[in-house]
Amino acid sequence: MPTAADPTGRYAEFHARSLREPEAFWAEQAALIDWQEPWSQVLDASKPPFARWFVGGRTNLCHNAVDRHAAAHPERRALIWVSTEVDQEREWNFAELQQEVEAAAAMLKRRGVGRGDRVLIYCPMVPEAAFAMLACARIGAIHSVVFGGFASHSLAGRIEDCSPKLIVSCDAGSRAGKLQPYQPLLEEALRLSQHKVEQVLWIDRGLVPLQPQAGRDFIYASEREAVRGQRVPCEWLESNEVSYTLYTSGTTGRPKGVQRDVGGYAVALAASIRHIFDGQPGETFFSTSDIGWVVGHSYIVYGPLIAGMATLMVEGTPVRPDPGIWWRLVQKYQVRVMFSAPTAVRVLRKADPSYLTQSDLSSLRALFLAGEPLDEPTARWIRDALNKPVVDNYWQTETGWPILTLARGVAPMHERLGSPGLPMYGYHALLVDPETGATLEGPNQKGVLALDYPLPPGCLQTVWGDDERFVKTYWSSIPGRQLYSTFDVATRDADGYTFILGRSDDVINVAGHRLGTREIEESIASVAEVAEVAVVGVADELKGQVAVAFVVPKQAMPEDALAAAVMQRVNEQLGAVARPARVLVVQALPKTRSGKLLRRAMQALCEGRELGDLSTLEDAATLQALAERLKPA
Ligand code: ATP
Ligand code: MG
């Protein structure tokens, strides 16, 4: 049936079939990758909520990402690496990439790493980190990439959780021109961790001196020499063996170690590049994320390469040396598909918009954004500034690829600003009442976004080492039903567009009215003077909860005037119940390292509670400043 989003109705049929005949549907998608041995069963759903895809099939992520393209198109560009931090730019074609990955695999094997062993990768955005990930995939070792910005405490927890046989690290990263040496952080983490790590492979960029420990430490370049010329074939893995573990961002508490398979993930990524991102072999994909996040795994390293695309990996920020940098790269490398986050767009929005139009962007087909709610004013601004489709996509570390977006590769789709779009094929997405578990069918009802069993290929198999936590955390929170909870609250309009209103713990209950923080934030963001805003619900004796808004202005201005404008706007758009009890003007908001607002910490601060686990906080000074602002005068 044609709808506003899907005027031909083709996508609706595609989606319906994926749920009606999941085995036939996914068997077709599985033809997008190479299999060394075919599967005996497409889906094993005998132990809900666990699901196994392509049972008995043998394949390899590295073969699909590298070797098969190196064989067919050795000269085709594969990896482009740009560092605006150390002013370097390099590229590898598929044949060269295979050589580097085989070398890294040989280094790992030489150190006794094999199938099923864990390798922790704690690196900045250097090409060797991508080589190491692919090398692990090649030999069947399980990588666990930890974002290079994490401090010792966070790193130690992850080392303990995945107990690696070897760690790959680097002398230093650089961010906004400031060097960050890694060795002191890693040494401290190793000291804090119960798990003893026997080997560390150091990438030495020559940025800061390393102090290698004899017997424990090895240097990448010398090991590279030692294995010169050695060939390492791909290990053919059963589809359900573990490819990697990766921790969630920790926005709401202790991060969960998401565990991913091999075959299902490869198929899901290949299908998503085709149906969602509409990327073709030989084109260039540019994701501005970091390899430490799921977007970096799926759409810097594995997805584009599996699809035979070149991937552009950048070490740097969107505004250095100036806010034109990303767009110059788009022009230079003829980027077709770009993927970024709302937080980066908000940074750009503070700069002169002419930077966005100084480059020739004719190669670019669309900009995809994910990670946080994309409010309408931000979406409109970047869409108009680039004059390109801007496609919001909603998903989680857990799912590995988008849950909600628009499948532009399947059919012509129309976006609606403020909504990530429709449930993707394979996902049976429902809105449910969190109190009763009832499915909400009608339009414009608020509920928790849940997914019915089984999750499609590519999604988490379990929580690493903790099946019970997997079942308890994700599949047991909706009364009376075994559904996967996203813990995000959403609503669906009459045309079927889903809107994410915020996390379920962020819903504010003002005198019995349930309000998503997102709705209030969106209203406030539409005030012209506002650059960024965060709204949290704060306990209130009279009303249960009230909204408190933290507002970052575009330019310095009197607090009273801005607060009045904000209150008036919310009053007009949402009514008095939603009007914040307090509006505080601040210079910056506390965010996780991945750019997500830490509402949990802001709320605790307002309520005078313990702040909880802050290991993923980007900049402690922002919280300090908020605390100062909250002190009674
Ligand atoms: P943790 O689960 O450890 O608290 P996290 O949920 O922030 O951390 P991620 O998996 O990185 O870790 O983030 C997924 C979450 O990000 C989603 O559940 C949702 O809340 C938010 N999100 C991602 N993309 C979007 C989007 N396009 N629109 C709205 N929210 C989004
Ligand atoms: Mg989460």
Side-chain angles (χ1 to χ4, degrees), residues 10-11 13-15 17-19 21-43 51-73 76 78 94 97 134 137-138 234 236-241 243 260-285 287 297-311 336-337 339 365 368 393 395 399-403 405-411 424-427 454-459:
R10 283 216 304 273
Y11 179 69
E13 175 44 32
F14 192 76
H15 181 257
R17 176 161 179 260
S18 74
L19 301 188
E21 304 168 6
E23 302 210 21
F25 180 90
W26 286 108
E28 275 164 32
Q29 305 305 321
L32 292 169
I33 69 159
D34 282 1
W35 295 86
Q36 190 253 352
E37 214 173 281
W39 54 88
S40 54
Q41 194 183 4
V42 179
L43 167 65
R52 293 169 1 112
W53 288 96
F54 309 111
V55 181
R58 288 189 176 273
T59 185
N60 182 288
L61 278 166
C62 182
H63 167 83
N64 279 290
V66 182
D67 296 42
R68 64 170 177 158
H69 307 300
H73 306 282
R76 205 175 259 177
F94 276 101
L97 179 60
L134 290 161
R138 188 173 193 87
C234 290
W236 297 110
L237 305 173
E238 198 278 333
S239 181
N240 293 278
E241 285 184 54
S243 60
R260 197 97 62 209
D261 72 357
V262 175
Y265 186 54
V267 171
L269 292 183
S272 72
I273 296 281
R274 172 165 298 194
H275 304 311
I276 298 173
F277 298 100
D278 194 17
Q280 299 295 330
E283 295 180 346
T284 303
F285 198 111
S287 165
H297 283 61
S298 292
Y299 298 112
I300 293 177
V301 179
Y302 291 113
L305 293 174
I306 286 174
M309 299 178 79
T311 184
R336 286 286 268 188
V337 186
F339 191 144
R365 207 183 282 124
F368 294 83
N393 60 115
W395 45 298
T399 66
W401 61 283
I403 302 171
T405 184
L406 296 174
R408 295 161 45 87
V410 175
M424 284 299 96
Y425 51 90
Y427 289 103
L455 299 183
C459 295

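For the single chain, residues carry numbers from 1 onward in sequence order. Nothing here was measured: the structure is a model prediction, and the numbers come from that model.
- Closest approach of Gly426 and Ser18 over heavy atoms only: N-OG, 2.8 Å.
- Note that the CG atom of Leu61 and the CG atom of Leu269 stand 8.0 Å from one another [nearest 0.5 Å].
- Considering every non-hydrogen atom in both Ser40 and Gly56, the closest pair reads OG-CA, 4.3 Å.
- Counting heavy atoms from C-beta on, the side chains of Phe368 and Pro402 never come closer than 4.5 Å.
- Listed by chain and number, the residues in a side-chain contact (heavy atoms from CB on, under 4.5 Å) with Asn240 are Arg52, Val55, Glu238, Asp261, Gln461 (sequence neighbours excluded).
- Inter-residue side-chain proximity for Met424 and Trp401 is flagged as met; some heavy-atom pair is nearer than 4.5 Å.
- Side chain of Tyr11 to backbone of Tyr425: a donor-acceptor contact under 3.5 angstrom is found.
- What you find for Cys62 and Arg138 is that their closest heavy atoms are SG-NH1, 3.4 Å.
- Heavy atoms only, all atoms of each residue included: Ala78 and Leu305 are closest at O-CD2, 3.5 Å.
- Expressed to the nearest 0.5 Å, how far OG1 of Thr311 lies from CZ of Phe285 amounts to 7.5 Å.
- Separation of the Tyr299 and Phe277 ring centroids falls under the 6.0 Å cut-off.
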>> Test side-chain contact (heavy atoms from CB on, under 4.5 Å) on Phe339 and Asn393; report intermediate values, then the result.
In response: CA-CA 10 Å; Phe339 191 144; Asn393 60 115; 3.5 Å; yes
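- Residues Tyr265 and Ser298 form a side-chain contact, since some pair of their non-hydrogen atoms from C-beta on lies under 4.5 Å apart.
- Partners of Ala270 according to the side-chain contact (heavy atoms from CB on, under 4.5 Å) rule, which considers only residues two or more places apart in sequence or in another chain, are Leu32, Ile33, Ile306.
- Of all the heavy atoms in Tyr302 and Leu134, the pair that sits closest is CE2-CD2, 3.8 Å.
- Contact annotation: the side chain of Met309 approaches that of Val337 to within less than 4.5 Å [non-hydrogen atoms, C-beta and beyond].
- Partners of Ser239 by side-chain contact (heavy atoms from CB on, under 4.5 Å), not counting sequence neighbours, listed by chain and number: Trp35, Phe54.
- Among Arg336, Arg76, Arg274, the one residue that satisfies the salt bridge (Lys or Arg N to Asp or Glu O under 4.0 Å) test with Glu283 is Arg336.
- In this structure, the side chains of His297 and Arg260 stay at 4.5 Å or more apart for every pair of heavy atoms.
- Annotation: salt bridge (Lys or Arg N to Asp or Glu O under 4.0 Å) contacts of Arg68 (sequence neighbours excluded): Asp34.
- When side chains are defined from C-beta on, Gln280 counts as touching Asp278, because their heavy atoms get closer than 4.5 Å.
- For the pair Trp26 and Val42, the tightest heavy-atom approach, listed with the atom from each and the gap, is CB-CG1, 4.4 Å.
- Side-chain atoms of His69 come within 3.5 Å of backbone N or O of Asn64 as a donor-acceptor pair.
- For Glu28, the side chain to side chain donor-acceptor pair (under 3.5 Å) partners two or more places apart in sequence, or in a different chain, are Arg17.
- Counting only heavy atoms from C-beta outward, the side chains of Gln29 and His275 approach each other to under 4.5 Å.
- For Ala70, the side-chain contact (heavy atoms from CB on, under 4.5 Å) test picks out Phe94, Gln98, with sequence neighbours left out.
- In this structure, Asn60 contributes its side chain and Leu237 its backbone to no donor-acceptor pair below 3.5 Å.
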